[in-house]
Amino acid sequence: MRTSLILLACVGFAQSLVRVPLSHLPSVRSRLRAANQLDEFLREHQPDFFSRRYAHCYPAAQHYLHMGGRSKERLFNFMDAQFFGQISLGKPEQNFTVVFDTGSTDLWVPSSYCVSQACAMHNKFKAFESSTYAHDGRVFGIHYGSGHLLGVMAREELKVGSVTVQNQVFGEAVYEPGFAFVLAQFDGVLGLGFPQLAEELGSPVFDSMIAQGVLDEPVFSFYLKNNGSGFGGELLFGGVDETRFVSPINWIPVTQKGYWQIRLDVVKVQGALSFCYRSTKGCQAIVDTGTSLIGGPARDILLLQQFIGATPTAVGEYLIDCVRISSLPVVSFLINNVEYSLTGEQYIRRETLNNKEICFSGFQSIDVPSSAGPVWILGDVFLSQFYSIYDRGHNRVGLAYLSGRSQISI
């Protein structure tokens, strides 16, 4: 009898943890570069992608962001997204590849009624084929650098990993702007930010999971990996995978609900440069799986790029001589009195173009107005080196060193 109870307990525990394998594929930026179309595309789309993505979060910058109704300025940084997972909607199931994005909250996929070229290249949701579909009737709009993504809202049965979420609000995109969406290797976006970021009225996916009691804990965690094999790691809902990291976990309180935003004490470049230290508040950091690079205030990033010897290009990227990578300085982030250090191998991005290796800095300028202090963005260049945990029960972010400290350059 005791053995049976133990087995039942183990089965129950296994069902409460929802594993979603992630794939790692070339970003839109990489594909445009390979097609010799990147320079032309970026010249035609000059808006500051990072500022447009984050500025709406801060009251002082909201006056120019409203487009009428609930439609706001918002930007998922689709240009550099490279980690993707699978979900399904409806009965029978319709499968979609999405970016699991902690920097947004809504779920959207292309509609079968979408009229743009980008939708023709991706899986489209066919409402008329699903027996569980419920039409909502409201509309939504998300502004990207190349135009507005427009759609209608609906409710549907959603499957993520082994768990099913009933009556989930989501967006059916009927117009997707820009040529870049044509090249994107994902169909839509599943946001994992706080409800305060939601464009769509209704419960975000993670909130629905919590409310419907399908998870053991109100926690999800990311293990991101880039080893050139296409395996991108794993997203785990309902807890953590203790085999992926080494204790202890550094728990950092969320300072402002919306993004997963935390305090960043200081950024140091091998003892020669320091940022954030002048402010008694330190800096703020947004932990963002939907952004590839590490972003920081333009003035600080320019100094950092110059210090590591990065050379600017005509389209705002910074090149590094690949033979210098092993001698580049360590860049460290002090968070809640724990130092997280990145070597040149870890913060430099490598690409191959015409059989030649090209190396790019993993840092990007961003200026976000905030009364809480300068804002940095900890994207996948940072997150691929550590195990990250997102705890809605206690409104905190956890960071831990990977098992074996097996960080891999991205």
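Given the structure is predicted, the values throughout are model-derived calculations rather than measurements.
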Between [X] (side chain) and [Y] (backbone), is there a donor-acceptor pair under 3.5 Å?
{"X": "T289", "Y": "F100", "value": "yes"}
{"X": "S203", "Y": "S208", "value": "yes"}
{"X": "N250", "Y": "I335", "value": "yes"}
{"X": "H122", "Y": "A184", "value": "yes"}
{"X": "N336", "Y": "W251", "value": "yes"}
{"X": "S332", "Y": "K268", "value": "no"}
{"X": "D216", "Y": "L17", "value": "no"}
{"X": "E129", "Y": "P92", "value": "no"}
{"X": "T97", "Y": "F186", "value": "no"}
{"X": "D391", "Y": "V219", "value": "no"}

Counting only heavy atoms not in [X], do more than 12 fall under 6.0 Å of its [atom1]?
{"X": "K124", "atom1": "NZ", "result": "yes"}
{"X": "E339", "atom1": "CD", "result": "yes"}
{"X": "R324", "atom1": "CZ", "result": "yes"}

Which value, rounded to the nearest 0.5 Å, describes the distance between [X] atom [atom1] and [Y] atom [atom2]?
{"X": "L158", "Y": "T164", "atom1": "CG", "atom2": "OG1", "answer": "8.0 Å"}
{"X": "Y387", "Y": "S247", "atom1": "OH", "atom2": "OG", "answer": "11.5 Å"}
{"X": "I262", "Y": "T255", "atom1": "CD1", "atom2": "OG1", "answer": "8.0 Å"}
{"X": "Q168", "Y": "D207", "atom1": "CD", "atom2": "CG", "answer": "9.0 Å"}
{"X": "I286", "Y": "I366", "atom1": "CD1", "atom2": "CD1", "answer": "6.5 Å"}
{"X": "I325", "Y": "E345", "atom1": "CD1", "atom2": "CD", "answer": "5.5 Å"}

[Y] and [X], any side-chain heavy atoms less than 4.5 Å apart:
{"X": "V189", "Y": "D106", "answer": "no"}
{"X": "P110", "Y": "E176", "answer": "yes"}
{"X": "S111", "Y": "V152", "answer": "no"}
{"X": "L319", "Y": "F360", "answer": "yes"}
{"X": "I210", "Y": "F237", "answer": "no"}
{"X": "V267", "Y": "D300", "answer": "no"}
{"X": "R350", "Y": "C359", "answer": "yes"}
{"X": "C322", "Y": "K356", "answer": "no"}

Item to check | Steps toward side chain to side chain contact (heavy atoms under 4.5 Å, CB included) verdict (M153, V169) | outcome: CA-CA 7 Å; M153 292 163 58; V169 171; 4.0 Å; yes
Can a donor-acceptor pair be found between the side chains of [X] and [Y] at a distance below 3.5 Å?
{"X": "T132", "Y": "E156", "result": "yes"}
{"X": "Q94", "Y": "S88", "result": "no"}
{"X": "S221", "Y": "Y223", "result": "no"}
{"X": "E351", "Y": "S30", "result": "yes"}
{"X": "E172", "Y": "Y133", "result": "yes"}

Checklist entry - How far apart are the C-alpha atoms of F125 and D187, what are their side-chain angles, what is the distance that settles it, and do they pass the side chain to side chain contact (heavy atoms under 4.5 Å, CB included) test? => result CA-CA 10 Å; F125 179 72; D187 303 310; over 6 Å; no
With a 6.0 Å cut-off on the ring centroids, do [X] and [Y] count as close?
{"X": "F222", "Y": "F83", "answer": "no"}
{"X": "F363", "Y": "Y318", "answer": "no"}
{"X": "F333", "Y": "Y340", "answer": "no"}

Checklist entry - Residues in salt bridge (Lys or Arg N to Asp or Glu O under 4.0 Å) with D321, at least two apart? => result none
Checklist entry - If you measure from the Lys or Arg side-chain nitrogens to the Asp or Glu carboxylate oxygens, is any gap between E317 and R33 under 4.0 Å? => result yes
Checklist entry - For the residue pair W260 and F220, does the interplanar ring angle fall in the parallel (under 30°), tilted (30 to 60°) or perpendicular (over 60°) class? => result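 Answer is perpendicular, since the angle exceeds 60°.
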Checklist entry - Should the ring pair W376 and F275 be called parallel, tilted or perpendicular, given that the plane angle runs from 0 to 90° and is split at 30 and 60? => result tilted
Next on the checklist: With side chain to side chain contact (heavy atoms under 4.5 Å, CB included) as the criterion, how do D288 and Y259 come out once you've worked through the C-alpha distance, each side chain's angles and the decisive distance to 0.1 Å?
Outcome noted: CA-CA 8 Å; D288 187 359; Y259 300 109; 5.9 Å; no
Which atom names give the shortest non-hydrogen contact between [X] and [Y], and what distance separates them?
{"X": "N95", "Y": "N123", "value": "O-ND2, 3.4 Å"}
{"X": "Q270", "Y": "P329", "value": "OE1-CA, 2.9 Å"}
{"X": "I249", "Y": "G398", "value": "CG2-CA, 3.8 Å"}
{"X": "M209", "Y": "V165", "value": "CG-CG2, 3.8 Å"}
{"X": "L197", "Y": "T105", "value": "CB-OG1, 3.1 Å"}
{"X": "V330", "Y": "S341", "value": "CG1-CB, 3.7 Å"}

Item to check | Pair L149-F140, side chain to side chain contact (heavy atoms under 4.5 Å, CB included): steps then yes or no | outcome: CA-CA 8 Å; L149 183 145; F140 73 95; 3.6 Å; yes
